There are 2 protein chains.
Amino acid sequence: MLASNAVQVPSRTTNRGAPAAQPRIAACIAPPAFAASQPHQVVLYSPNAEIYGQGERAAALYQVVFGAVRVYRLLSDGRRQISAFHVAGDVFGFEADGHHHFFAEAICNSAIRIYRQPIGADVAREILPVALTALIRAQEHLLVIGRQNAAERVAAFLLDLFERQDGLPQVELVMSRTDIGDYLGLTIETVSRVFSKFREKGYIRLQGVRTVNLVKLEALRALCV
Amino acid sequence: MLASNAVQVPSRTTNRGAPAAQPRIAACIAPPAFAASQPHQVVLYSPNAEIYGQGERAAALYQVVFGAVRVYRLLSDGRRQISAFHVAGDVFGFEADGHHHFFAEAICNSAIRIYRQPIGADVAREILPVALTALIRAQEHLLVIGRQNAAERVAAFLLDLFERQDGLPQVELVMSRTDIGDYLGLTIETVSRVFSKFREKGYIRLQGVRTVNLVKLEALRALCV
DNA sequence: GAAGAAATTCGGTTATATCCTAAGGGAAAC
DNA sequence: GTTTCCCTTAGGATATAACCGAATTTCTTC
């Protein structure tokens, strides 16, 4: 079905999660289409498996078929900043100079569609709006972590997930508290405290640790205006 | 030379700077070219003049001919996050959905080349790498304000200016301490204190308030690795 | 050159989030 | 069913940067 030389084997395992498993080539499922007309392959990744690493040559675009991905950068002492989470349908892996400036890892079991063709004018026109959306998201996130306090950051995070889920008020957190903290520029203790405070105030209801019901949307919205 | 209906008049004045002056149409100078083949106009802006505002319809791309621009976003209580500074040659004003999500203002007297044409496939291919560079810059800035302390942020800021100036160790700060603070997610007092500390340690030398000599580049680099 | 206004720097206090430690809970493995 | 491990929650001390007030410098304007 697919040539074996197309398999990408993760070269690196992070020190934050479980050992990365070998990605396997999946049957070609057909979920949210981006450029399905373009030749591509679909690769499966286990939790915490590296999809690409900082410094590697970049020659592909990636689209989440199912699962979730975190894109992040590290300081030498281990401090980590997650710049984005990606879920089904999202395209990521844009690089300007042929090299990856970030790490990308699967958060949970995930399937990633990989496009390895060079970008022609037609493709550029297709992915430009996707790249611009990512740019705006990143710049809006700058406001959140640069100028908002802990509660405001968490509220913005929950509302962002909410809106990405087409307004379903029950939000599934695929990522851990550590991931959320590293995305919001906070520690896990602070994230946990804010979740507790929101629960006490009746803004949210927690079913287990990974399921959040947004009860008082207005209160959350009022926090991050 | 240029049609008078092409003049863009700033509709809004910020509460942070001096009143905005009317932009005037400039003679067509010919500095760093981006898409000089495309039809465009050049508009002059006075310090603190608004180039575009959040919510306005976005139908143009902008390139700094000379001067400097800040792009920022506001919270309702006035907190401000500057997402980028742009200097001669930089292209900005990308928007994904036909609306501006940010404000753009001239910092000093500036000339801006404005391209109003819709983006075709050929143009998309040309500006995609520019947009991707902006995306990477924004995401790298997330690491700075999300995970680095005050000294590390200022060091990263100075080194960024240094590298954008092709390695000239004398850096001219076109922006105020307030702007720097709002770019780094710090208050002006903290920015000022870090400058003083760097001066005491011999990392930098200050000639006046707006001229910085980077004396110990290695020390600054060591701060933000 | 003098006066006024704005921007910057400085000092001290306070608040927020981190750091550190430990307890509690849930999922996976045995 | 039990154990183990990891993630999460919780509590208290600490540190960093914000906040407040004021002095100083720099730039404008006359």
Side-chain angles (χ1 to χ4, degrees), chain A residues 14-19 21 46-48 75 77-81 107-109 144-155 157 172-200 204 206-212 223, chain B residues 14-19 21 46-48 75 77-81 107-109 144-155 157 172-200 204 206-212 223:
Chain A
T14 65
N15 51 1
R16 293 208 178 226
S46 299
N48 303 305
L75 291 172
D77 61 0
R79 280 177 287 176
R80 182 177 71 155
Q81 178 65 46
I107 295 176
C108 50
N109 280 309
V144 174
I145 66 176
R147 285 298 177 201
Q148 299 197 209
N149 62 30
E152 292 167 340
R153 295 185 206 193
V154 174
F157 171 70
E172 281 297 320
L173 304 176
V174 287
M175 67 292 287
S176 68
R177 296 290 190 270
T178 302
D179 282 344
I180 297 173
D182 284 350
Y183 177 67
L184 296 176
L186 300 170
T187 58
I188 53 174
E189 297 98 319
T190 302
V191 173
S192 179
R193 269 186 251 272
V194 173
F195 270 97
S196 298
K197 202 183 78 177
F198 283 177
R199 178 170 39 74
E200 289 163 11
I204 63 174
L206 289 166
Q207 298 177 11
V209 199
R210 298 286 179 109
T211 305
V212 184
L223 266 177
Chain B
T14 64
N15 51 2
R16 293 208 178 225
S46 300
N48 302 306
L75 290 173
D77 61 359
R79 282 177 286 176
R80 182 178 70 157
Q81 177 66 45
I107 295 175
C108 50
N109 280 309
V144 174
I145 66 176
R147 286 300 176 199
Q148 300 197 198
N149 62 30
E152 292 166 340
R153 293 185 207 192
V154 174
F157 171 70
E172 281 298 320
L173 303 177
V174 288
M175 67 293 287
S176 68
R177 297 288 190 271
T178 301
D179 282 344
I180 297 174
D182 284 349
Y183 177 68
L184 296 176
L186 300 170
T187 59
I188 53 173
E189 296 98 318
T190 301
V191 172
S192 179
R193 270 186 250 272
V194 173
F195 271 98
S196 298
K197 202 184 79 178
F198 283 177
R199 177 170 41 73
E200 289 163 12
I204 63 173
L206 290 166
Q207 298 177 13
V209 197
R210 298 287 178 107
T211 305
V212 184
L223 265 178

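The figures that follow rest on heavy atoms only: side chains count, while hydrogens, waters and symmetry mates do not. Protein chains get the first letters and strands the later ones, always in sequence-line order, with residue 1 at the start of each. Computed from a prediction, not measured in an experiment: that's the story for all the values here.
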Nearest-nucleotide comparison on DNA chain D, the residue closer to the 5′ end among A/R147 and A/R199: A/R199
Contact nearer the 5' end of DNA chain D, comparing B/G208 with B/R153: B/R153
Whole-Å distance between [N] [atom2] and [X] [atom1]?
{"X": "A/L206", "N": "D/dT9", "atom1": "CG", "atom2": "P", "answer": "7 Å"}
{"X": "A/Q207", "N": "C/dG25", "atom1": "CD", "atom2": "P", "answer": "18 Å"}
{"X": "B/K197", "N": "C/dC10", "atom1": "NZ", "atom2": "P", "answer": "14 Å"}
{"X": "B/R177", "N": "C/dC10", "atom1": "CZ", "atom2": "P", "answer": "11 Å"}
{"X": "A/E200", "N": "D/dT9", "atom1": "CD", "atom2": "C1'", "answer": "11 Å"}
{"X": "A/N149", "N": "D/dA17", "atom1": "CG", "atom2": "P", "answer": "17 Å"}
{"X": "A/R210", "N": "C/dA28", "atom1": "CZ", "atom2": "P", "answer": "11 Å"}
{"X": "A/M175", "N": "D/dT8", "atom1": "CE", "atom2": "C1'", "answer": "16 Å"}

Whether B/R147 side chain and A/L186 backbone form a donor-acceptor pair below 3.5 Å: yes
Heavy-atom donor-acceptor pair, B/Q81 side chain to B/Y183 backbone, under 3.5 Å: yes
Spacing of A/T190 atom OG1 and A/N149 atom CG [to the nearest 0.5 Å]: 11.0 Å
Spacing of CZ belonging to A/F195 relative to CD1 belonging to A/I180, to within rounding of 0.5 Å: 4.5 Å
Step-by-step side-chain contact (heavy atoms from CB on, under 4.5 Å) determination, A/L206 to A/V212: CA-CA 5 Å; A/L206 289 166; A/V212 184; 3.7 Å; yes
With B/D182, the side chain to side chain donor-acceptor pair (under 3.5 Å) member among B/R177, B/R79, B/R80: B/R80
Pairwise 5' ranking along DNA chain C for A/V209 and A/A151, keeping only the more 5' one: A/A151
Any B/S196 side-chain N or O less than 4.0 Å from OP1/OP2 of C/dC10: yes
Interface with DNA chain D, restricted to residues 184-193 of chain A and to heavy atoms under 4.0 Å: A/E189, A/S192, A/R193
pair A/S196-A/R199: side-chain heavy atoms closer than 4.5 Å: yes
